[in-house]
Number of protein chains: 2
Amino acid sequence: MSLQISDLSDAVLHTHYAVRGPIVARAQELEDQGREIIYCNIGNPQALGQAPLRYVRDVLAACEQPELLKRSDHAFQDDVREKTHYILEQSKYGLGAYSESKGLRFVRAAISEFIAARDSHDGVDQVSNPEHIYLTDGASKGVQAALRLLIASANDGILIPIPQYPLYSATITLYGGRQVGYYLDEESGWNLDEELLEDAMHGAIKEGIRARAIVVINPGNPTGSVLSEDNMRMVIRFAKRHNLAILADEVYQKNIYRPGITFISFAHLMSKLHEREVSLFSFHSTSKGFFGECGQRGGYMEARNLPEEVIAQITKLQSVALCANVPGQVLTYLMVSPPVAGEPSYPLFAEEQKAILAELAKRAKMIEEGLNRIPGIRCQPIDGAMYAFPSISLPSGRTDEEYCMALLEEEGVCLVPGSGFGQKPGTAHFRTTILPPTDQLERVIGAIAAFHLQWR
Amino acid sequence: MSLQISDLSDAVLHTHYAVRGPIVARAQELEDQGREIIYCNIGNPQALGQAPLRYVRDVLAACEQPELLKRSDHAFQDDVREKTHYILEQSKYGLGAYSESKGLRFVRAAISEFIAARDSHDGVDQVSNPEHIYLTDGASKGVQAALRLLIASANDGILIPIPQYPLYSATITLYGGRQVGYYLDEESGWNLDEELLEDAMHGAIKEGIRARAIVVINPGNPTGSVLSEDNMRMVIRFAKRHNLAILADEVYQKNIYRPGITFISFAHLMSKLHEREVSLFSFHSTSKGFFGECGQRGGYMEARNLPEEVIAQITKLQSVALCANVPGQVLTYLMVSPPVAGEPSYPLFAEEQKAILAELAKRAKMIEEGLNRIPGIRCQPIDGAMYAFPSISLPSGRTDEEYCMALLEEEGVCLVPGSGFGQKPGTAHFRTTILPPTDQLERVIGAIAAFHLQWR
């Protein structure tokens, strides 16, 4: 045949994405055979029972079929009708036409206002330029767009946390760049550590790698940590010292569970520090937070501290595949401009939001405490995001891949081994989502406990 | 700043996508200043007045908000209700969860059946494997997935038609491969010509390029041609002779306007010829045909004659960005399994389909004849797709970019210059869509005629 495996590039062959790797494939096989599987491998809330928000789906439905507003008098709240009319008017052609390459203008304007409102505190009067915002098919595609720019040659390196979300390692490999891993400090709750960052940087220089950017995932995936302002200041200083861009993966910004902990965006802190030299790409998504709309692939990237000529290059690259899906763009609009107090949809929306986030906080606590009760498993505080990444003690000679595969076979629980995210040599971990409903989560914890104590 | 234009790769800087280039940017500027612009630059039917199909949007709306089926008794036809229930049941979690990386299984199964039914004629009993089908965010992302596999080194070349749709040239440049242009034969109505193909191949070999695949766009973009079986047989022989894969861009397969002309898929013809050596990637989309749902980014890629280990690599790469948008997947499902005679939605659906395709056929004829009446402009038959690509005579020393920019400034008509698609040296062309409503199309033709006769 004209295309053989031997024809493929090393970049393709070496790309590895653990979240959907062989363990998940085996889980699907078992499920096809009739086994009941609890999927804890992926942050996919609606696959684990989270219901979509009524307001959001009402507006999306009405945008798909505006005639419904006429056909059924009582099916929609007044503010749903108004929002739909506004979206259709602003988008000009509804959901069925290509938008501008960057995304619909009114959506970018609304994102801009959202960023300004989110970040204007603590002495900062935030501004955001809608022309530097790109709507993307989920945050993943935004991350890939930024990496595409930053990896210009085979010596270009990207600093990624260890552990990291494997979108980064996979894309860097695929785009022919070099991964420069920096360890997160597990004992401090997975903070970034200046010395460990410098170590990574020195290692890169020694190998002839030109480091181009540092990836920071905050709140952390897979770690569940939420960075403090001090820790982030250190990262900005570090990036500036080494002339790195920052890729700020902030898709879990609404997933904060511990009282007293707050999310600070890199855009906010850079504005506060009057930092105009460090280029910043930040990413947000409709897949996480309390929307959990993974399937609809909404998201955006905001770029800061970039020359206009680089912005023009991003726009050009985005134009090649025309535009992000327009329903996802509208969903992103709804995320950044939700109903407000006084509107008829507000009470239910606020109630749904509160219930979902309270439930996630409860599950985070439940799994953190549940795992920490198992001898040989140690879980750092889960302050945010949707995951636990506990360290596990293994029988000598065994790997966390074997552990997760055996757990799947024996207990029907699908986790991802720590090796898929990266970890310090000599340590072992797994990642589990905190998403299963509490009764399932109890079974997951029970299954892990039973399995962990007897596995050899 | 940490990212400067000088940091970008040549691949990024040299990527060029004319359909949304400087002329379109200028058109948007003029429009912002209050000028009325007729956009003929892009195949975006719903931006030019084509209404979405009622059935399609009803089902999508009900999938977004299934509660509507309960809330409004009379708003939906019975078959819309049934289809929605089926989709929700088959997808398991509705539109809000990530699907499998390849796309929802029942959608892939339906695409498979669609291909089998479409291609089982003329002695062929077509089969299609759902595991070799990938749902993509529009066909563009499918094409990029295939090119990603095929371009393994800087010497790898892809044969693309001249003229071509610039997604191909842009992506090949971006992925660091080599374009090998082969001329289409304008005088024969833009057929592929064996001698011209061999010329291109010899040129590639001389330059040390390892040709990996040939792109065929059928029906043709920008040419409007529809390939005959003989012409396609020649292409398959050529691909086999040189061990090339075929990329068959068949997104306009439903856009056939001339009586007696039929679309033949490469999958059909390869089955008919019992050809099992030539690897084939074929692409389809919800953006064209009579759906015209560009904004929703639905589409698929079917792969044939590939080793299973290569299929596994495609699946792995698709998994990195998780999945195509699920509403777009559902839309693709509706495209391949439309209402059938006897169902309540069928009569209107059939009527809308017929009206849209009849209207497009009328416009194709109108623009072909209108352009051919202008001295100095010559347009080949528009048998299919959505475009005319006439050759134009220019005053000496002038380019088609200048021509199109001047036409935009003077007449408010936005075309794309032939140079954006590629053309024989010494010739000049433009591409226009056939999409504007007839009254606008008359103005477009009138404007071009007036402009062409006086421009110096």
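Source: prediction; values computed, not measured. Reminder, nothing fancy here: chain letters follow the sequence lines and each chain counts from 1.
- Contact count against chain A (heavy-atom pairs under 4.5 Å) is highest for B:Ser101 among B:Ala213, B:Ser101, B:Gly176.
- Rounding to the nearest 0.5 Å places CZ of A:Phe76 at 4.5 Å from CG of B:Leu68.
- Looking at B:Leu244, only its backbone comes within 4.5 Å of chain A, counting heavy atoms on both sides.
- With a 4.5 Å cut-off on non-hydrogen atoms, B:Arg210 touches chain A through its side chain but not through its backbone.
- A distance-only check finds a donor-acceptor pair linking the side chain of B:Arg297 to the backbone of A:Cys323 [under 3.5 Å].
- Between A:Asp7 and B:Arg212 there is a salt bridge, with a side-chain nitrogen of the basic residue lying less than 4.0 Å from a carboxylate oxygen of the acidic one.
- Both the backbone and the side chain of A:Ile5 come within less than 4.5 Å of a heavy atom in chain B.
- Contacts between A:Gln329 and chain B at a heavy-atom distance below 4.5 Å are absent for every atom of the residue.
- The choice from B:Asp32, B:Ile246, B:Leu331, B:Asp10 that makes the most heavy-atom pairs within less than 4.5 Å of chain A is B:Asp32.
- Atom NZ of A:Lys316 sits about 8.5 Å away from atom CG of B:Leu174, to the nearest 0.5 Å.
- Once rounded to the nearest 0.5 Å, the distance linking OH of A:Tyr98 with CD of B:Gln46 reads 11.0 Å.
- The parts of B:Asp58 that come within reach of chain A are both its backbone and its side chain, each placing non-hydrogen atoms under 4.5 angstrom from that chain.
- Neither the backbone nor the side chain of B:Gln50 comes within contact range of chain A; no heavy atoms are under 4.5 Å apart.
- With a 4.5 Å cut-off on non-hydrogen atoms, B:Ser2 touches chain A through its backbone and its side chain both.
- A donor-acceptor contact closer than 3.5 angstrom is absent between the side chains of B:Gln4 and A:Glu309.
- Of the possible donor and acceptor atoms, one in the side chain of A:Glu277 sits under 3.5 Å from a partner among the backbone N and O of B:Met1.
- For the atom pair NZ (A:Lys141) and CG (B:Asn325), the distance works out to 9.5 Å, reported to the nearest 0.5 Å.
- Both the backbone and the side chain of A:Glu293 come within contact range of chain B, with heavy atoms under 4.5 Å apart.
- Closest heavy-atom contact between B:Gln65 and A:Arg54: NE2-O, 3.5 Å.
- A side-chain N or O of B:Glu64 and one of A:Gln296 form a donor-acceptor pair less than 3.5 Å apart.
- Contact annotation for A:Ser153: neither backbone nor side-chain heavy atoms come within less than 4.5 Å of a heavy atom of chain B.
- Separating the CG atom in A:Leu167 from the CG atom in B:Leu322 is a distance of 8.0 Å, to the nearest 0.5 Å.
- Proximity to chain A is limited to the side chain of B:Phe281, based on heavy atoms less than 4.5 angstrom apart.
- Looking at B:Leu8, both its backbone and its side chain come within 4.5 Å of chain A, counting heavy atoms on both sides.
- Neither the backbone nor the side chain of A:Tyr168 comes within contact range of chain B; no heavy atoms are under 4.5 Å apart.
- Residue A:Pro52: no heavy atom, backbone or side chain, is found under 4.5 Å from chain B.
- Proximity to chain A is limited to the backbone of B:Ala324, based on heavy atoms less than 4.5 angstrom apart.
- Ion pairing between a basic and an acidic side chain is recognised when a charged N comes within 4.0 Å of a carboxylate O; B:Arg105 and A:Glu31 show no such pairing.
- Atom-to-atom distance recorded for B:Leu13:CG and A:Leu317:CG is 9.0 Å, nearest 0.5 angstrom.
- In this structure, no portion of B:Lys240 lies under 4.5 Å from any heavy atom of chain A.
- Within the 4.5 angstrom heavy-atom criterion, only side-chain atoms of B:Tyr175, from C-beta onward, approach chain A.
- For a residue to count as touching a neighbouring chain, one of its non-hydrogen atoms must lie under 4.5 Å from one of that chain's; by this rule B:Ser287 touches chain A with the side chain only.
- Proximity to chain A (any heavy atom under 4.5 Å) is shown, for B:Leu280, by neither the backbone nor the side chain.
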